[in-house]
Protein chains: 2
Amino acid sequence: MNTHHDVCQVRSVDKKKVRAVMKSMLTDQEAVHLSETFSVLADPTRTKIIYALSSEELCVCDIAGILGMSVSAISHQLRILRNMRLVKFRKEAKMVYYSLDDAHITTLFNEGLNHIRE
Amino acid sequence: MNTHHDVCQVRSVDKKKVRAVMKSMLTDQEAVHLSETFSVLADPTRTKIIYALSSEELCVCDIAGILGMSVSAISHQLRILRNMRLVKFRKEAKMVYYSLDDAHITTLFNEGLNHIRE
DNA sequence: CCCATAATTGAACATATGTTCAACTATAAG
DNA sequence: CTTATAGTTGAACATATGTTCAATTATGGG
């Protein structure tokens, strides 16, 4: 609930503009969904994992080795990526091999990578 | 410093793969830079602000009105967007008008928007 | 000069997030 | 069956993040 006690009392300087923008504004659901999408890529460990998996299918142990981090930390992050359907996995004996499973986010990832590297 | 006490002892299941991936791996700096870029868009309030400003130049008061949030909360977020050079502003009398100032991130933003709306 | 309004700022607060540690499951070898 | 290894998980912990609240700055009107 919005009590407006700290919201600008004029409510709007340009009511016409305000009404127009409000009409096309993202819904809360859209804004949350959109920001959650970006959140997946908003962590250096996860960007490294995604980058690593973009060239090779890898087991948890090797990802940990490549990033110089604990298997546990990597496993926790892989769970997040799994829940977001960004990676898929395949079991073979005692090993679990991970690979990318989302062409969409990969595009977004590469778009971001191009931006910082330009 | 990495003590390796919890890192897989085998160090690598497939040393060839591991070495190859490590060679092309993002640097810490790149990974942090990349994830920081995505972090800017990883908050629903900021995505709404960016969306609002993509159609109109707006003063702080009107942005607050559109989002139904306090002027203070919006101002704090605008400072973040300003520091990241995502928005620029212009003073007129007592008002401060904000507008977008980064074509790059806007592309990334729209890419994300397309993904969730497809 | 005094007051009202637009906006910014810092501190406090609650919540979210990422890593560590230890315990646990699953699989395979002897 | 026992042991070793790969991986997962939950709790604890520290840190980061976003909003609120109160105080402050900046601008303009009477």
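Residue numbers begin at 1 in each chain, while the letters A, B, ... track the order of the sequences.
Although no hydrogens or angles enter the test, the distance criterion places no donor-acceptor pair under 3.5 Å between the side chain of Ser39(B) and the main chain of Ala42(B). Judged purely by atom type and a 3.5 angstrom limit, Arg46(A) has no side-chain atom pairing as donor or acceptor with the backbone of Leu41(A).
Distance CG (Leu78(B)) to P (dA6(C)): 16 Å, rounded to an integer number of Å. Atom CD1 of Ile63(A) is separated from atom C1' of dT8(D) by 14 Å (rounded to the nearest Å). Rounded to whole Å, the distance from CD1 on Ile80(B) to C1' on dT9(C) is 13 Å. Atom pair Met69(B):CE and dT17(D):C1' shows a separation of 13 Å (rounding to whole Å applied). Across the protein-nucleic acid pair, Arg82(A) atom CZ and dT8(D) atom C1' stand 8 Å apart, rounded to whole Å. Remark: C1' of dA6(C) and CG of Asp14(A) are 16 Å apart, rounded to the nearest angstrom.
Of all non-hydrogen atoms in Lys88(B) and Leu100(B), the two that sit nearest each other are NZ-O, 3.3 Å. In plain terms, the two heavy atoms of Ala64(A) and Ile74(A) that are nearest each other are CA-CG1, 3.8 Å.
You won't find any donor-acceptor pair under 3.5 Å spanning the side chain of Ser70(A) and the base of dC21(C), going by distance alone.
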Would you sort out whether Tyr51(B) and Ser24(A) count as a side chain to side chain contact (heavy atoms under 4.5 Å, CB included), showing the intermediate values? CA-CA 9 Å; Tyr51(B) 186 82; Ser24(A) 76; 3.8 Å; yes
Verdict with supporting geometry, Leu34(A) and Phe109(B), side chain to side chain contact (heavy atoms under 4.5 Å, CB included): CA-CA 9 Å; Leu34(A) 184 54; Phe109(B) 177 82; 3.6 Å; yes
Go through the steps to decide whether Val32(B) and Gln29(B) satisfy the test side chain to side chain contact (heavy atoms under 4.5 Å, CB included), and finish with yes or no. CA-CA 5 Å; Val32(B) 168; Gln29(B) 209 189 32; 6.0 Å; no
Between Lys15(A) and Asp62(B), does the salt bridge (charged side-chain N to carboxylate O under 4.0 Å, His left out) criterion hold? Intermediate values first, please. CA-CA 8 Å; Lys15(A) 296 194 180 188; Asp62(B) 280 356; over 6 Å; no
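Judged by ring centres under 5.5 Å apart and planes tilted less than 30 degrees, His76(B) fails to stack against the six-membered base ring of dT8(C).
In this model, a donor atom of one side chain and an acceptor atom of the other lie less than 3.5 Å apart for Tyr98(B) and Arg82(B).
With distances taken from any side-chain atom of Ala73(A) to the nucleotides dT19(D), dT19(C), dG18(D), the minimum falls on dT19(C). Here dT9(C) is the nucleotide among dG18(C), dT8(D), dT9(C) with the atom lying nearest to any side-chain atom of Ser72(B).
Contact annotation: Tyr98(A) side-chain N/O to dT8(D) OP1/OP2 distance is under 4.0 Å. Here Gln77(A) reaches the OP1 or OP2 of dT19(C): one of its side-chain N or O atoms lies under 4.0 Å away.
For the segment residues 30-51 of chain B, residues with any heavy atom less than 4.0 angstrom from an atom of DNA chain D are, sorted by number, Asp43(B), Thr45(B), Arg46(B). Of the residues in residues 83-97 of chain A, those lying under 4.0 Å from DNA chain D by heavy-atom distance are Lys94(A), Met95(A), Val96(A).
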